[in-house]
Amino acid sequence: MNLLVITTQTWITLGIVCGIFAGSALLIGALILIVSKFFKVDADEKITKILDNLAGANCGGCGCSGCGGFAKKLAEGGACLADCHVTSPESKAEIAKILGVELTEEEPTVAVVHCNGGVENCADKFEYKGNPTCAACNSLLGGNKACSYACLGCGDCKAVCPENAIEVTGRLAKVDPDRCISCGACITTCPKHIIDRIPASAPVYVACSSQCKLKEVSSVCNVGCIGCGVCAKVCPHGAITMKDNLPHFDYTKCTGCLTCVEKCPRLIIISRKIIAEETPATPEDKTTATDEKTDKKAE
């Protein structure tokens, strides 16, 4: 009899405890619903609309972790549309309307590597056997290249490029302008900070970043700029100025005459002009040319 009473009391106690827990859960759930209803924070529609118009590359070239972060900064006035080089002009125009700002016209840009010091031109100061990344190599005495400004050639920029626009050959990175979308991911990744944007229409660019003087440059690199200033002197349009022993171009003045390319003693000013290959003559072209020659002889 006593055992039965104890068992019954135990079940009653257990039921009361379960009831308390269940009641508490229901009460907390009801409070959450009430709070969420009266204190609901709607998602910023402006951010959503901006995000819908961004390219969605999430490249990080704008300095944000992704397009979501950039959209938030735009909505808060902490960024400008020019920071994104991937979104199309049409989509930027829509975002400008959402933000209520005037869209300034932007010239398309392309990334270039300001270095030509691959293994053939720039020696190593020591053999590096660590983590095969530019960041890791650079953390050890500024990298193993004899020139402290040289491309380390481990391919960190290639790894982050969303368009596979970068190739690394001979431990030197080069950008394919036809693939580059100018997102800036490579620019922010390069530990040497030698990748930069130039106008897509720029006829030339400087393939060197060394700020050292003649003797120091010549001792470590076969093609490094020696800061002689010849390019600036011979430029017929005044498009070049020397700063930190390097030529700097004013592309609004540069006409692409290539005088600087021809006169540079170190060949570090690279022409970006595309020279079209001659198209092989077709049989019809040959026939026409023959007829023209026959007509001329007849005359």
Flag yes if [X] and [Y] sit in one hydrophobic cluster, no otherwise; membership is Ile, Leu, Val, Met, Phe, Trp, Tyr, and two members link when side-chain heavy atoms are under 4.5 Å apart.
X: I268; Y: V119; value: no
X: V204; Y: V112; value: yes
X: I269; Y: L267; value: no
X: I47; Y: L81; value: no
X: I166; Y: V160; value: no

Does atom [atom1] of [X] have more than 12 heavy-atom neighbours from other groups under 6.0 Å away?
X: E216; atom1: CD; result: no
X: K49; atom1: NZ; result: no
X: K92; atom1: NZ; result: yes

Please identify which of these residues, S139, C151, C154, meets the side chain to side chain contact (heavy atoms under 4.5 Å, CB included) condition with C134.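 Going through S139, C151, C154 one by one, the side chain to side chain contact (heavy atoms under 4.5 Å, CB included) with C134 is satisfied by C154 alone.
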Mind checking the [atom1]-[atom2] spacing from [X] to [Y]? Nearest 0.5 Å is all I need.
X: T48; Y: K72; atom1: OG1; atom2: NZ; result: 12.5 Å
X: S88; Y: I181; atom1: OG; atom2: CD1; result: 12.0 Å
X: N53; Y: C67; atom1: CG; atom2: SG; result: 11.5 Å
X: I95; Y: I50; atom1: CD1; atom2: CD1; result: 6.5 Å
X: L258; Y: I270; atom1: CG; atom2: CD1; result: 11.0 Å
X: L74; Y: L54; atom1: CG; atom2: CG; result: 6.5 Å

Residue pair [X] / [Y]: nearest heavy atoms and the distance that separates them:
X: N58; Y: G68; answer: OD1-N, 4.5 Å
X: P89; Y: L103; answer: O-CD2, 4.0 Å
X: R179; Y: A165; answer: CB-CB, 3.5 Å
X: C84; Y: T87; answer: SG-OG1, 3.2 Å
X: V168; Y: G155; answer: CG2-CA, 3.9 Å
X: A173; Y: V113; answer: O-CG2, 3.4 Å

Using the test ring-ring contact (aromatic ring centres under 6.0 Å, His included), find all partners of Y251 that sit at least two apart in sequence or belong to another chain.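 Y251 satisfies ring-ring contact (aromatic ring centres under 6.0 Å, His included) with F249 once adjacent residues are dropped.
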Can you sort out the partners of Y128 under ring-ring contact (aromatic ring centres under 6.0 Å, His included), two or more places apart, ordered by chain and number?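 Partners of Y128 under the ring-ring contact (aromatic ring centres under 6.0 Å, His included) test: none.
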Begin from the C-alpha positions of T189 and C157 and carry the test side-chain contact (heavy atoms from CB on, under 4.5 Å) through to its verdict. CA-CA 6 Å; T189 299; C157 51; 5.6 Å; no
Flag side-chain contact, heavy atom, 4.5 Å: [X] against [Y]:
X: N138; Y: L152; result: yes
X: I195; Y: I187; result: yes
X: K158; Y: N164; result: yes
X: C80; Y: D83; result: yes
X: V217; Y: R266; result: yes

Determine whether a donor-acceptor pair (N or O, by modelled atom type, separation under 3.5 Å) exists between the side chain of [X] and the backbone of [Y].
X: R197; Y: P108; result: no
X: K192; Y: G143; result: no
X: D156; Y: A135; result: yes

Listed partners of S209 passing side-chain contact (heavy atoms from CB on, under 4.5 Å), at least two apart: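 In terms of side-chain contact (heavy atoms from CB on, under 4.5 Å), with neighbours along the sequence ignored, S209 is linked to H114, Y149, I194.
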Ignoring hydrogens and angles, write down the donor-acceptor pairs under 3.5 Å from the side chains of residues 220-240, residues two or more places apart or on other chains.
unit_1: N222; atom_1: ND2; unit_2: E120; atom_2: O; d: 3.4
unit_1: H237; atom_1: NE2; unit_2: T255; atom_2: OG1; d: 3.0

Under the criterion side-chain contact (heavy atoms from CB on, under 4.5 Å), I'd like the reasoning laid out for S201 against E107: C-alpha separation, chi angles, the key distance, then a yes or no. CA-CA 9 Å; S201 60; E107 183 177 1; 2.6 Å; yes
Using the test salt bridge (Lys or Arg N to Asp or Glu O under 4.0 Å), find all partners of E262 that sit at least two apart in sequence or belong to another chain.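 If we apply the salt bridge (Lys or Arg N to Asp or Glu O under 4.0 Å) test to E262, skipping adjacent residues, there are no hits.
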Quick one: list whatever passes salt bridge (Lys or Arg N to Asp or Glu O under 4.0 Å) with R171, sequence neighbours left out.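 Partners of R171 under the salt bridge (Lys or Arg N to Asp or Glu O under 4.0 Å) test: D124.
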What do the steps show when you test R272 against V110 for side-chain contact (heavy atoms from CB on, under 4.5 Å), and what is the final call? CA-CA 11 Å; R272 298 186 65 247; V110 66; 3.4 Å; yes
Run the side-chain contact (heavy atoms from CB on, under 4.5 Å) test on N245 and C212 for me, step by step, so that the C-alpha distance in whole Å, both residues' side-chain angles and the decisive distance to 0.1 Å come before the verdict. CA-CA 7 Å; N245 297 313; C212 300; 5.9 Å; no
